[in-house]
**Q** 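Okay, handing you the structure first.
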Amino acid sequence: MIIWSIIHVVEIFLWLMLAASGTYILFFALVSMMWKKQESPLSSYMDRLSALREPKSHTFLVLFPAYNEDRVIVNSVHTFLGQYYPYEDFHVCVISDHMQPETNEKLRQLPITLLQPIFEKSSKAKAMQYAMDHFKSRDFDYIVILDADNVVGSDFLDKLNGVCQKGYQAIQCHRCAKNANNDIAVLDGVSEEINNTLFRKAHNRIGLSSALIGSGMAFDYQWFRKNVYKLSTAGEDRELEALLLKQRIHIHYEADIHVYDEKVSNTDNFQKQRLRWMTAQIQSLLRLLPYIPKAIVTGNIDFIDKTIQQALIPRSMLIVITFVMACLITLLSRVWCLKWWLLFLFICLSLYVSTPRQLRKHSVYGKLLALPNLVARMLLNLMKIDHKNTDFLHTEHGK
C-alpha cells in the first residue's frame with residue numbers, strides 16, 4: 001500500500017511537470033488562432049509619424065558568420081547581392097572561419113568585405129565581435145545577421161526597410177525551410193513553423209516580444225555595437241534576447257519577410273544541433289533566474305515569460321513522453337490514466353493548431369514515424385549536457 005502511494009505521488013509529480021509545458025503551449029496556440037493582431041505599444045504612434053515624413057532608405061550592414069561552410073556560403077552571398085535595394089545603402093561582410101582557400105578566393109571576387117579571423121575556440125559570437133571591431137570607423141542604421149546557408153528574396157532589404165520605418169530596434173524575420181528532402185528535414189521544418197506560431201506570432205499578438213532564432217535578425221546598429229561584446233556562449237540568440245528584454249526593448253516578428261534556412265536531414269546532425277540548443281537553453285535558464293525577483297518587482301513581463309520559455313520541455317520530447325506515460329499508467333489504473341490521455345490530447349491539439357494549414361497534410365503526418373528515433377536521440381543528449389561548456393558545435397550543411 002505504501003509503495004502504491006509513492007508510485008501515485010511520483011506519477012502526479014511527473015504529470016504536473018509535463019502539464020506545465022503543455023498548458024503554456026496550449027495557451028499560445030489558442031492566442032495564435034483567436035486573437036487579432038496587435039502592434040507593439042510604440043507602433044501606432046510610429047506608423048502615424050512615419051506617414052508624415054519622407055520614406056528613408058536605411059543603411060544595413062549584413063553579416064554572414066561562416067564556420068567551415070564551404071558548401072553553401074558562396075551561393076548564399078551571391079544570391080543576397082541580387083537585392084534591388086540601393087547598392088550604396090547596404091554592405092555585406094563574410095567572417096570566414098576555417099574555410100578553404102579556394103572558397104575564400106571565390107568570395108574575394110564579390111563586392112563584399114571578407115574577414116579571416118583565427119580563433120583558438122570558434123563561435124558565432126566571436127565572429128560577430130570580430131566584425132564589429134573591423135567596422136568601428138563606419139556607421140550604419142541596422143545590422144542584419146544571417147547564417148551561411150540562408151537564402152533570401154531580392155526584395156528582402158526593401159521589405160525590411162519598410163519595417164524599420166516603424167522604429168523597431170529588434171526584428172526577427174520569418175525563417176522557414178528551404179529543403180524537405182527526407183522525413184527528418186520535413187519534421188525539422190514543421191517544428192520551425194510551430195515555433196514561429198507559438199513563440200513569435202502569438203507572443204506579438206498580445207504585446208509580448210518575439211523569440212529570436214539565431215539568423216534572419218536585424219538590430220539597431222548602435223545598440224548591437226554596444227551589446228555584442230557581452231555575448232559569451234554558443235547560445236548567442238538567447239543572450240541577445242536577455243539583453244534586449246532587460247532593457248525593455250520590444251522584439252518584433254515580421255512574418256512577411258522570409259529567410260530560407262536549410263533543415264537538418266540526418267540523425268547525427270539532428271542530435272548535434274539539439275544538443276547545442278538544449279545546452280544553450282539550460283545555460284540561458286541559469287543566467288535568467290537570478291534576475292527574476294527584479295523582473296517581478298519592476299513588472300518586466302517579457303523577461304518573466306522568456307525565463308518560463310527556457311524551462312519548457314522540448315515539444316517532441318513532451319508529446320512522446322506523455323504518450324508513453326499514458327500507455328503505462330493505463331496498465332496500472334484506468335482512473336489515473338484519464339488525466340494523461342487528456343494531456344496528450346491537448347498537446348496534440350496545440351501542435352495541430354500551431355502548424356500552418358499548408359503543412360497539415362497526410363504526407364507530413366506520415367513523417368511522424370521518424371519522431372520516436374529523434375526523441376531517443378534527444379534523451380541521449382541529456383547525459384551530454386554541460387551547462388558550463390561554451391564550445392561551438394557546428395552543424396554541417398549540404399550543397
Side-chain angles (χ1 to χ4, degrees), residues 12-32 34-35 37-45 167-172 195-214 217 219-220 223-224 226-233 235-253 277-315 317-318 343 346-347 350 354 385 387-388 390:
I12 292 175
F13 177 74
L14 288 174
W15 185 87
L16 290 173
M17 283 183 58
L18 298 173
S21 292
T23 301
Y24 185 95
I25 291 172
L26 177 63
F27 173 76
F28 282 103
L30 295 176
V31 166
S32 72
M34 299 173 63
W35 287 68
K37 186 173 182 179
Q38 298 179 11
E39 300 291 344
S40 71
L42 221 55
S43 71
S44 58
Y45 170 76
Y168 296 113
Q169 289 183 270
I171 302 163
Q172 174 62 63
N195 282 338
N196 288 333
T197 299
L198 296 174
F199 303 120
R200 297 177 184 92
K201 182 175 74 173
H203 273 66
N204 269 190
R205 285 189 177 180
I206 57 173
L208 293 173
S209 281
S210 160
L212 296 177
I213 198 170
M217 307 180 294
F219 304 100
D220 175 83
W223 180 89
F224 187 83
K226 292 176 183 175
N227 288 272
V228 69
Y229 298 100
K230 300 174 184 177
L231 307 180
S232 61
T233 73
E236 73 289 332
D237 52 345
R238 298 174 195 264
E239 289 186 279
L240 285 167
E241 279 181 1
L243 290 168
L244 288 163
L245 300 183
K246 282 180 186 176
Q247 299 171 39
R248 293 181 178 270
I249 296 174
H250 180 78
I251 305 172
H252 174 72
Y253 172 59
W277 289 2
M278 292 165 75
T279 302
Q281 182 175 342
I282 297 296
Q283 290 174 338
S284 178
L285 178 61
L286 294 176
R287 285 169 174 258
L288 294 176
L289 282 174
Y291 297 94
I292 279 294
K294 182 179 179 181
I296 294 173
V297 171
T298 58
N300 193 338
I301 305 301
D302 258 330
F303 191 88
I304 296 169
D305 172 71
K306 180 55 57 184
T307 306
I308 294 172
Q309 277 186 36
Q310 305 313 304
L312 296 178
I313 298 170
R315 288 184 316 279
M317 290 175 62
L318 181 66
L343 177 59
F346 284 133
I347 292 171
S350 303
S354 305
I385 292 176
H387 70 274
K388 296 181 180 180
T390 59

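Just so we're clear, the structure is a prediction, and the values are computed from it rather than from any experiment.
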**Q** If every non-hydrogen atom of G22 is compared with every non-hydrogen atom of I347, which pair is closest and at what distance?
**A**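 Taking G22 first and I347 second, the nearest heavy atoms are CA-CG1, 4.3 Å.
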
**Q** Let's go through I249 and D220 carefully: what are the C-alpha distance in whole Å and the side-chain angles of both, what is the deciding distance for side-chain contact (heavy atoms from CB on, under 4.5 Å) to 0.1 Å, and is it a yes or a no?
**A** CA-CA 11 Å; I249 296 174; D220 175 83; over 6 Å; no

**Q** How would you list, by chain and number, every residue that makes a side chain to side chain donor-acceptor pair (under 3.5 Å) with W15, sequence neighbours excluded?
**A**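 W15: no side chain to side chain donor-acceptor pair (under 3.5 Å) contacts found.
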
**Q** Who are the side chain to side chain donor-acceptor pair (under 3.5 Å) partners of S209, not counting sequence neighbours?
**A**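 If we apply the side chain to side chain donor-acceptor pair (under 3.5 Å) test to S209, skipping adjacent residues, the hits are D302.
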
**Q** Which atoms form the tightest heavy-atom contact between L243 and K230, and what is the distance?
**A**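 So the two residues come closest at CD2-CD, 3.8 Å.
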
**Q** Is it the case that the side chain of T23 and the backbone of A19 share a donor-acceptor pair, with hydrogens and angles ignored and the cut-off at 3.5 Å?
**A**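 Here the side-chain-to-backbone pair exists.
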
**Q** Give, for atom CD1 of I251 and atom CG of L212, the distance between the pair rounded to the nearest 0.5 Å.
**A**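 Answer for the CD1-CG pair, I251 versus L212, is 4.0 Å.
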
**Q** Only counting residues at least two apart or in another chain, list the ones meeting side chain to side chain donor-acceptor pair (under 3.5 Å) with E236.
**A**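 In terms of side chain to side chain donor-acceptor pair (under 3.5 Å), with neighbours along the sequence ignored, E236 is linked to no residue.
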
**Q** For L240 and F219: C-alpha separation, side-chain torsions, deciding distance, then whether side-chain contact (heavy atoms from CB on, under 4.5 Å) applies.
**A** CA-CA 10 Å; L240 285 167; F219 304 100; 3.9 Å; yes

**Q** Look up atom CE in M317 and atom OG in S21, then write down how far apart they are to the nearest 0.5 Å.
**A**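 So the CE of M317 and the OG of S21 are separated by 10.0 Å.
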
**Q** Could you give me the CA-CA distance, side-chain angles and deciding distance for H250 and N204, then say whether side-chain contact (heavy atoms from CB on, under 4.5 Å) is met?
**A** CA-CA 9 Å; H250 180 78; N204 269 190; 3.7 Å; yes

**Q** Could you list the residues that satisfy side chain to side chain donor-acceptor pair (under 3.5 Å) with D305, not counting sequence neighbours?
**A**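 Checked D305 against side chain to side chain donor-acceptor pair (under 3.5 Å); matches are Y24, H203, Q309.
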
**Q** Under the criterion side-chain contact (heavy atoms from CB on, under 4.5 Å), I'd like the reasoning laid out for L244 against N227: C-alpha separation, chi angles, the key distance, then a yes or no.
**A** CA-CA 9 Å; L244 288 163; N227 288 272; over 6 Å; no

**Q** Under 4.5 Å between any side-chain heavy atoms of T279 and I282, yes or no?
**A**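 When only atoms from C-beta onward are counted, I282 and T279 do not touch, as no gap falls below 4.5 Å.
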
**Q** To the nearest 0.5 angstrom, please state how far the CG atom of L286 sits from the CD atom of Q281.
**A**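 Rounded to the nearest 0.5 Å, the CG-CD separation comes to 10.5 Å.
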
**Q** Among residues at least two apart in sequence or on other chains, which ones pass side-chain contact (heavy atoms from CB on, under 4.5 Å) with A202?
**A**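 In terms of side-chain contact (heavy atoms from CB on, under 4.5 Å), with neighbours along the sequence ignored, A202 is linked to F28, V31, S32.
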
**Q** From L18 CG over to F13 CZ, what is the distance, rounded to the nearest 0.5 angstrom?
**A**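 The CZ atom of F13 is 10.0 Å from CG of L18, to the nearest 0.5 Å.
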
**Q** Identify, with sequence neighbours excluded, every residue that meets side-chain contact (heavy atoms from CB on, under 4.5 Å) alongside L26.
**A**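 For L26, the residues satisfying side-chain contact (heavy atoms from CB on, under 4.5 Å) (neighbours in sequence not counted) are L30, F346, S350.
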
**Q** Check whether E239 reaches the backbone of L231 with its side chain - one donor and one acceptor, N or O, closer than 3.5 Å.
**A**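 Answer holds: no.
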
**Q** Write down the atom of Y253, the atom of R200, and the distance for their closest heavy-atom approach.
**A**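 For Y253 versus R200, the nearest heavy atoms are CG-CB, 3.5 Å.
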
**Q** Just so I know, are the side chains of T307 and Y291 near enough to count as touching, which here means a heavy-atom distance under 4.5 Å?
**A**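 In short, these two side chains do not touch, never coming nearer than 4.5 Å.
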
**Q** So how far is it from F224 CZ to M217 CE, rounded to the nearest 0.5 Å?
**A**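 So the gap between those two atoms works out to 7.0 Å.
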
**Q** Going by atom types alone, do S354 and R315 pair a side-chain donor with an acceptor below 3.5 Å?
**A**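 Their side chains do not contain a donor-acceptor pair, so the 3.5 Å distance test is not met.
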
**Q** Using distance alone, with no hydrogens and no angle criterion, decide if Q310 and R238 have a side-chain donor and acceptor under 3.5 Å apart.
**A**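 Short answer, yes.
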
**Q** Atom CD1 of I304 and atom CG of L245: how far apart are they, to the nearest 0.5 Å?
**A**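 Rounded to the nearest 0.5 Å, the CD1-CG separation comes to 11.0 Å.
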
**Q** Is the closest side-chain heavy-atom distance between N300 and R248 below 4.5 Å?
**A**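 In short, these two side chains touch, coming nearer than 4.5 Å.
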
**Q** So, does Q172 use its side chain to make a donor-acceptor pair with the main chain of I213 at under 3.5 Å?
**A**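 Indeed, once roles are kept as given, a pair shorter than 3.5 Å links the two residues.
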
